[in-house]
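Side-chain atoms are counted along with the backbone in the values below, which use heavy atoms only and exclude waters and symmetry mates.
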Amino acid sequence: MENKYIDIIIKIIASKTKEYSQSNSLSPAYFLNLLPEIQDSIIAVIKVYGYPEIDEVTLKNYFDTAKNQYLSVNPIDIDPSNSLSKKDSEHG
């Protein structure tokens with residue numbers, strides 16, 4: 001099922017991510033903090049297209065879906081030094 005809101009959000013995510021990755025390395029943390037940064041852009045594009053406004057809960061759900069779809073097609077490399085790991089002493 002195609003969702004015009006998710007399509008818009010994917011395009012904005014792709015644009016922001018491309019811009020960010022030119023000078024920084026992408027990490028999962030980047031995507032955790034992305035919605036507040038692009039929320040105004042999403043709302044502006046929705047208004048330009050004349051689509052009905054959506055509430056914050058719906059926007060967050062659409063963002064999560066769009067983010068997951070984007071990452072499934074554009075996976076990010078995770079730097080092992082930044083990964084969370086348990087210390088060996090915790091297993092003993």
Side-chain angles (χ1 to χ4, degrees):
M1 181 174 138
E2 205 171 299
N3 182 308
K4 57 194 173 196
Y5 296 99
I6 292 172
D7 291 341
I8 289 169
I9 297 169
I10 289 173
K11 288 176 182 155
I12 293 172
I13 289 172
S15 173
K16 261 312 204 187
T17 303
K18 182 178 179 184
E19 179 184 307
Y20 180 84
S21 67
Q22 289 175 353
S23 57
N24 303 282
S25 85
L26 289 172
S27 69
Y30 172 76
F31 291 94
L32 291 174
N33 303 315
L34 187 57
L35 181 56
E37 188 178 325
I38 65 172
Q39 187 166 344
D40 290 342
S41 298
I42 294 167
I43 293 168
V45 172
I46 288 170
K47 285 181 181 176
V48 167
Y49 279 101
Y51 298 149
E53 289 185 33
I54 53 176
D55 61 45
E56 279 192 41
V57 173
T58 304
L59 177 60
K60 178 161 182 3
N61 289 334
Y62 285 168
F63 172 79
D64 288 340
T65 301
K67 176 186 67 174
N68 291 337
Q69 287 182 17
Y70 176 82
L71 289 172
S72 72
V73 179
N74 304 284
I76 57 173
D77 293 325
I78 298 175
D79 181 354
S81 65
N82 291 336
S83 297
L84 297 175
S85 61
K86 288 188 175 184
K87 295 179 182 176
D88 291 337
S89 62
E90 291 179 13
H91 295 294

Sub-4.5 Å side-chain heavy-atom contact between Phe63 and Ile38: yes
Tell me, yes or no, whether the heavy-atom count around Lys4 atom NZ, taken from other residues, nucleotides or ligands under 6.0 Å, exceeds 12. yes
How many angstroms lie between CG in Asn24 and CD in Glu19, if you round to the nearest 0.5 Å? 10.0 Å
Of Ile13, Asp7, Ile12, which is the lone residue that meets side chain to side chain contact (heavy atoms under 4.5 Å, CB included) with Ile9? Ile13
Once rounded to the nearest 0.5 Å, what's the spacing between atom OG1 of Thr17 and atom CZ of Phe31? 4.0 Å
If I take atom OH from residue Tyr62 and atom CG from residue Asn3, how far apart are they, to the nearest 0.5 angstrom? 4.5 Å
Side-chain donor-acceptor distances from residues 65-73 under 3.5 Å, at least two apart:
residue : atom : partner : partner atom : Å
Thr65   : OG1  : Asn61   : O            : 3.1
Asn68   : ND2  : Asp64   : O            : 3.2
Ser72   : OG   : Gln69   : O            : 2.8

Roughly how far apart are Glu53 CD and Ile43 CD1, rounded to 0.5 Å? 7.5 Å
ring-ring contact (aromatic ring centres under 6.0 Å, His included) with Tyr51: which residues, sequence neighbours excluded? Tyr5, Tyr49
Here the side chain to side chain donor-acceptor pair (under 3.5 Å) pairs for residues 31-48, sequence neighbours left out, are Lys16-Glu37
